[in-house]
There are 2 protein chains.
Amino acid sequence: MFAFRLDSRSGVPTYLQLVEQVRRGLLLGYLVDGEQLPTVREVAAALVVNPNTVAKAYRELERAGLAAPRAGQGTFVIGNDDQVPHGVHVKLAARLRAWVRSAHEAGLAPEQVRALVTTVLDDENTAARTEAA
Amino acid sequence: MFAFRLDSRSGVPTYLQLVEQVRRGLLLGYLVDGEQLPTVREVAAALVVNPNTVAKAYRELERAGLAAPRAGQGTFVIGNDDQVPHGVHVKLAARLRAWVRSAHEAGLAPEQVRALVTTVLDDENTAARTEAA
DNA sequence: TCCTGTGTACTATCGCACTAGTACACTAGT
DNA sequence: ACTAGTGTACTAGTGCGATAGTACACAGGA
C-alpha cells in the first residue's frame, strides 16, 4: 500500500505534500492505474493529522484528474500515460545515487548536497526558460 | 550583489524562501563573510513584497547567526567555516548537470526529473536515519 | 435489513503568513 | 546641524491552512 510521509520543517502545507507525493508516484510509476490510495481515516491516523486535511488533498487530486473516489470503497488512482520506462528509471536512479554517494564522500553534508541539487535544478529551469524566450 | 528569487507555487512562505536562499548561498560559497545583502527596501521593491516580510527573514537570519545588521548601513552576512571547496563544487555541479541533461535526453520532463531527484534524496535521508538507529 | 466503512459537507475556531501604514533610532555624507 | 538611507518596532487587519466535531449519502457484507 502506498505510504505518505510528512516533512514538518519544509513549510509546505500538509495537504500539498500529500498531493505532490501522489503526483510523484504517478510520474515515476510507483502508482499504477486503478491502485487504491489509503483511506482518509487511515492517512489521518497514521500521520496524526485531521481527516479534513487529507480529504482536502484527495479532493484536490480529484480536481486534477489524478484520482477518483468510489463511494463506500475508497479513493483510486487514475493512470497516467507518460510514465518513465522502468529500465530508464532504474538506470537514472542508480547514477543519481552514485552521485550523491560521491558528494558525501567529498565531505558534503546532507544539507550541502540538497543545496547544490536545488541550485543546479533551479539554474537548469532558468536556463530553459531563457532559451524559450 | 546577491539576488533573491521567489516561487509562488511552492507553498513555502516568502520569508522562509529568503532564509533558505541565504543559507544555500553560504553552504555553497556563493556568499562570503562580510558580504552585504540587499537592503530590506531593495528586496521588497524587487520582489513586490512587503518590507515587513523581508525584515522577518533578516531577523530570522540574525537569530540563526548567519547575518548581522549594522544600523544605518545594511545587513551583512556572517561567514561560515564548512564551505564546499571551489574545485569540489565545480566538479560535482558539472556531473550533476550532466546527469540532468541525460535524464532530459531520456525523455523525462522537468517535473519528472524533479520527482526522481526528490525521491532519491528522501530515500537517502531515510536510509541514513535507519542506519544511525 | 442492519451494520460497517467509505468519501463528503458543514460550521466554528485557532494560528500564522502577509499586508498596510506609521514611527523611531542609528549611521554616513553633506 | 541637516538630510538620506538603513534596520527595527508597533498596531491593525486579511486570508488561508489546519483543527474539532457533527452529520449525511453511498456501497458492501453478514
Side-chain angles (χ1 to χ4, degrees), chain A residues 1-23 31 33-78, chain B residues 1-23 31 33-78:
Chain A
M1 175 68 83
F2 194 72
F4 289 103
R5 298 176 190 174
L6 283 185
D7 180 6
S8 57
R9 299 174 307 170
S10 68
V12 180
T14 303
Y15 87 99
L16 271 185
Q17 291 191 38
L18 302 183
V19 170
E20 284 307 312
Q21 281 173 44
V22 172
R23 199 186 298 272
L31 281 173
D33 184 279
E35 186 167 346
Q36 179 173 9
L37 293 174
T39 69
V40 168
R41 290 171 175 83
E42 278 175 1
V43 176
L47 301 182
V48 194
V49 160
N50 194 283
N52 288 334
T53 303
V54 183
K56 182 171 186 179
Y58 280 13
R59 223 176 306 136
E60 176 68 19
L61 286 172
E62 183 190 359
R63 198 196 58 80
L66 301 177
R70 297 186 201 159
Q73 285 184 293
T75 303
F76 296 79
V77 156
I78 294 179
Chain B
M1 177 67 82
F2 194 72
F4 288 103
R5 298 175 191 173
L6 283 185
D7 180 6
S8 57
R9 299 174 308 171
S10 69
V12 181
T14 304
Y15 87 99
L16 270 185
Q17 291 192 39
L18 302 183
V19 170
E20 284 308 312
Q21 280 173 44
V22 172
R23 199 186 297 271
L31 281 173
D33 184 278
E35 187 167 346
Q36 179 173 10
L37 293 175
T39 69
V40 168
R41 288 171 176 82
E42 278 174 2
V43 176
L47 301 182
V48 195
V49 161
N50 195 282
N52 288 335
T53 302
V54 184
K56 181 172 186 177
Y58 281 13
R59 223 176 306 136
E60 177 68 18
L61 286 172
E62 183 190 358
R63 199 195 58 79
L66 300 178
R70 297 184 202 162
Q73 283 184 294
T75 303
F76 296 79
V77 156
I78 294 180

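Naming convention: chains lettered A, B, ... in sequence-line order (proteins, then strands); numbering from 1 in each chain.
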Which of A:Thr53, A:Leu6, A:Val54, A:Thr14 passes side chain to side chain contact (heavy atoms under 4.5 Å, CB included) with A:Leu47? It is A:Leu6
The reported gap from CD in A:Gln21 to CG in A:Leu37 (rounded to nearest 0.5 angstrom) is 11.0 Å
Rounded to whole Å, CZ of A:Phe76 lies from C1' of D:dA27 at a distance of 11 Å
So CZ of B:Phe76 and CG of B:Asp33: to nearest 0.5 Å the spacing works out to 11.5 Å
Please tell me if A:Lys56 has a side-chain N or O lying less than 4.0 Å from either OP1 or OP2 of D:dA18. no
When both distances are under 3.5 Å in a Watson-Crick or G-U wobble arrangement, the nucleotide paired with C:dT30 is D:dA1
Report task. Could you tell me whether A:Arg41 contacts a base, only the sugar-phosphate backbone, or nothing, with contacts defined as non-hydrogen atoms closer than 4.0 Å? Result -> base
Of A:Asn52 and A:Thr75, the one whose closest nucleotide on DNA chain C sits nearer the 5' end is A:Thr75
Assert: residue with more 5' nearest nucleotide on DNA chain D, out of A:Thr14 and B:Glu62, is B:Glu62
To the nearest angstrom, the CD-P distance between B:Glu42 and D:dA4 comes to 18 Å
Contacts of A:Arg59 meeting salt bridge (charged side-chain N to carboxylate O under 4.0 Å, His left out) (sequence neighbours excluded), chain-then-number -> none
> Would you say B:Glu60's side chain and B:Ala57's backbone share a donor-acceptor pair under 3.5 angstrom?
Replying inline: no
* Taking A:Gln36 for the side chain and A:Thr75 for the main chain, is one N or O donor matched with an acceptor at less than 3.5 Å? -> no
From CZ of A:Arg59 across to C1' of D:dG17 the rounded distance in Å is 13 Å
Contact span of DNA chain C against chain B, any nucleotide atom under 4.0 Å from a heavy atom, 5' to 3', runs C:dA17 to C:dT27
To the nearest angstrom, the CD-P distance between A:Gln73 and D:dG29 comes to 9 Å
Rounded to whole Å, the CG-P distance (A:Leu47 to D:dT19) equals 10 Å
